Amino acid sequence: PTDQLSIENAIIMQNSGSWPLLIDPQGQANTWLKNLYPNMNSEQMESFKICKPSEERYMKVIEGAIRMGLPCLLENVGESLDAALEPVLLRQTYLIGSTPHRSEEH
């Protein structure tokens with residue numbers, strides 16, 4: 001999107017030290033994120049995790065992305081989030097060696 005608010009939000013997201021939560025009812029941010037790296041090869045696509053709450057193992061995908069330091073896009077979220085995501089959104093993680101883990105696992 002080229003409107004001023006979308007541009008400002010993209011700049012904030014790319015320069016933020018926190019983990020962004022994007023509320024995206026029109027799918028613009030979703031499309032933008034997927035197009036952020038249009039020339040990704042198959043190996044790079046493996047490093048950009050995409051999952052949906054309807055998928056049986058979506059929490060494992062998110063946990064794996066956290067451990068590997070990879071970006072993860074959770075698509076098609078309804079009006080409420082699974083309570084298990086709270087530590088992720090609050091950045092309540094810890095390190096075992098150099099590997100991050102969610103605080104619930106500790």
Side-chain angles (χ1 to χ4, degrees):
T2 57
D3 63 277
Q4 189 63 32
L5 181 61
S6 295
I7 292 169
E8 290 172 5
N9 286 337
I11 291 169
I12 291 169
M13 192 193 90
Q14 286 193 307
N15 293 301
S16 174
S18 65
W19 302 353
L21 171 63
L22 305 172
I23 309 298
D24 185 29
Q26 296 176 341
Q28 292 177 323
N30 189 321
T31 301
W32 176 74
L33 285 169
K34 289 179 179 179
N35 290 328
L36 192 58
Y37 305 104
N39 299 321
M40 278 190 193
N41 61 36
S42 59
E43 182 179 313
Q44 291 168 321
M45 280 301 288
E46 281 298 311
S47 68
F48 182 61
K49 302 297 180 188
I50 300 173
C51 57
K52 299 174 182 161
S54 60
E55 296 172 350
E56 188 175 316
R57 298 179 45 84
Y58 84 97
M59 283 303 297
K60 293 292 182 191
V61 172
I62 293 170
E63 289 172 9
I66 291 170
R67 286 190 180 115
M68 300 299 292
L70 302 173
C72 183
L73 173 62
L74 181 59
E75 297 181 310
N76 300 339
V77 175
E79 290 187 21
S80 63
L81 291 171
D82 187 331
L85 289 171
E86 187 172 339
V88 175
L89 296 173
L90 295 175
R91 295 189 72 146
Q92 295 173 339
T93 59
Y94 63 94
L95 295 177
I96 295 178
S98 62
T99 305
H101 295 266
R102 289 186 312 132
S103 62
E104 284 186 346
E105 298 173 351
H106 192 50

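Keep in mind that this is a model prediction, so the values were computed, not measured. All residue numbers in this chain count up from 1 along the given sequence.
At a threshold of 4.5 Å between non-hydrogen side-chain atoms, the residues Cys51 and Ile62 count as touching.
No chain of hydrophobic side-chain contacts below 4.5 Å, direct or via other Ile, Leu, Val, Met, Phe, Trp or Tyr residues, connects Val61 to Leu81.
Donor-acceptor pairing under 3.5 Å is recorded for the side chains of Ser6 and Asp3.
For residues 73-90, the pairs satisfying side chain to side chain donor-acceptor pair (under 3.5 Å) are Asn30-Glu75, Lys34-Glu75, Tyr58-Asp82, with sequence neighbours left out.
Atom CE of Met59 sits about 5.0 Å away from atom CG of Leu85, to the nearest 0.5 Å. We find the CH2-CD1 distance between Trp32 and Ile7 to be 11.0 Å, quoted to the nearest 0.5 Å. With rounding to the nearest 0.5 angstrom, the CG atom of Leu74 is 14.5 Å from the NZ atom of Lys49.
Taking a 6.0 Å sphere around CD of Glu8, one finds it holds more than 12 heavy atoms contributed by other residues, nucleotides or ligands.
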